[in-house]
Asks: 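Right, I'll just put the structure down here and ask away after.
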Amino acid sequence: MARMKFLCDSERCIECNGCVTACKNTNEVPWGINRRRVVTINDGEADEASISVSCMHCTDAPCIAVCPVDCIYEAQDGIVLHSKDQCIGCGYCLMACPFGAPQFPMENAFGVRGKMDKCTFCAGGPEEDNSMAEWEKYGANRIAQGKLPACAEMCATKALLAGDANDVSDIFRERVTYRGSNAGAWGQSMAYGRKAKG
């Protein structure tokens, strides 16, 4: 069984936010919830880089480990999903996640979190595939339809890759090889990171 993963190539990301818009439109994400966001590092400087961030569907995910009601679980294909029916809104998953992926609605009074929401890799939730109940709680189930997540399909520069981890890593490895061997973290060229002396 394939393990599904995201990877963002910072040398291709142009901070257009097409992935963010695609996610919101495809899943009709409620106001105040951002399942995906674009983060820019060193904005306005020579070594500026942008990456698209959401739930990374971690192997051995920390959010699963801390959830006291076991509402977060890993599907057979490695996608980390959650059950809104079981969620108690404790916020432990948000504190454990290094990517800030779990989100809570902002429509309630201060201190009342409500049900957690996060990226589902466009794979829906525990309800029957492509049912109305699944759509209302989790949005589109594009994976059951044989499609990739909307964010990756909408990426104009193909910076955001999604799919089987082996295929995604092969594509990125080929890109890095084509660009040269001086690539650093996130595929960013080491030359950008050097400061001018003098």
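Since we're looking at a predicted model, the values are computed, not measured.
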Asks: Looking at Ser131 and Glu127, would you say the former's side chain and the latter's main chain have a donor-acceptor pair under 3.5 Å?
Replies: no
Asks: Backbone N or O of Cys87 within a donor-acceptor pair of the Lys115 side chain at under 3.5 Å?
Replies: yes
Asks: Would you call Lys137 and Asp85 a salt bridge, using N to O less than 4.0 angstrom?
Replies: yes
Asks: Would the distance check show the side chain of Gln86 and the main-chain N or O of Val69 forming a donor-acceptor pair, the cut-off being under 3.5 Å?
Replies: yes
Asks: Is any side-chain N of the basic residue among Asp77 and Arg3 closer than 4.0 Å to the acidic one's carboxylate O?
Replies: no
Asks: Does the side chain of Cys8 reach to within under 4.5 Å of the side chain of Cys13, using non-hydrogen atoms?
Replies: yes
Asks: Test of understanding: clusters of I, L, V, M, F, W, Y form through side-chain heavy atoms closer than 4.5 Å, transitively. Do Leu81 and Phe99 belong to the same one?
Replies: yes
Asks: Can you tell me if Asp43 has over 12 outside heavy atoms packed within less than 6.0 Å of its CG?
Replies: yes
Asks: Heavy-atom distance under 4.5 Å between the side chains of Cys119 and Cys23, does that happen here?
Replies: no
Asks: Work out which heavy atom in Asn27 is nearest to a heavy atom in Tyr138; give both atom names and the distance.
Replies: OD1-O, 4.0 Å
Asks: Take a 6.0 Å sphere around CD of Gln145 and say whether it holds more than 12 heavy atoms from other residues, nucleotides or ligands.
Replies: yes
Asks: Quick check: does any side chain N or O of Glu134 sit under 3.5 Å from a backbone N or O of Gly125, one acting as donor and the other as acceptor?
Replies: yes
Asks: Find out if a path of hydrophobic residues (ILVMFWY) with successive side-chain heavy-atom gaps under 4.5 Å connects Met116 to Ile33.
Replies: no
Asks: Does any donor atom in the side chain of Asn141 or Asn130 lie under 3.5 Å from an acceptor atom in the other side chain?
Replies: no
Asks: Can you tell me if Gln103 uses its side chain to pair, donor with acceptor, with the backbone of Gly100 under 3.5 Å?
Replies: yes
Asks: Within the structure provided, determine whether Pro102 and Cys97 are in side-chain contact (heavy-atom separation under 4.5 Å).
Replies: yes
Asks: Would you say that Thr120 contacts Pro149 through its side chain, given a criterion of any heavy-atom pair below 4.5 Å between the two side chains?
Replies: no
Asks: Partners of Arg36 by salt bridge (charged side-chain N to carboxylate O under 4.0 Å, His left out), sequence neighbours excluded?
Replies: none
Asks: So with a 6.0 Å cut-off around CD of Glu128, is the heavy-atom count from everything else above 12?
Replies: no
Asks: When the ring planes of His57 and Phe6 are compared, do they come out parallel, tilted or perpendicular, using 30° and 60° as the limits?
Replies: tilted
Asks: Got Ile64 and Val80 here, is their nearest side-chain heavy-atom distance under 4.5 Å?
Replies: yes
Asks: Determine the minimum heavy-atom distance between Arg35 and Lys118, stating which atoms define it.
Replies: NE-O, 3.4 Å
Asks: With Asp129, which residues qualify under salt bridge (charged side-chain N to carboxylate O under 4.0 Å, His left out), at least two apart?
Replies: none
Asks: Surrounding CZ of Phe104 (heavy atoms of other residues, nucleotides or ligands, distance under 6.0 Å), is the total greater than 12?
Replies: yes
Asks: Can we say Arg142 and Glu153 salt-bridge, meaning some charged N sits less than 4.0 Å from an Asp/Glu carboxylate O?
Replies: yes
Asks: For Leu148 and Gly163, work out which heavy atoms get closest and say how close.
Replies: CD2-CA, 4.1 Å
Asks: For Lys5 and Cys58, which heavy atoms make the closest approach, and how far apart are they?
Replies: NZ-C, 3.6 Å
Asks: So, for Pro126 and His82, which heavy atoms are closest and what is the spacing to 0.1 Å?
Replies: CD-O, 3.5 Å
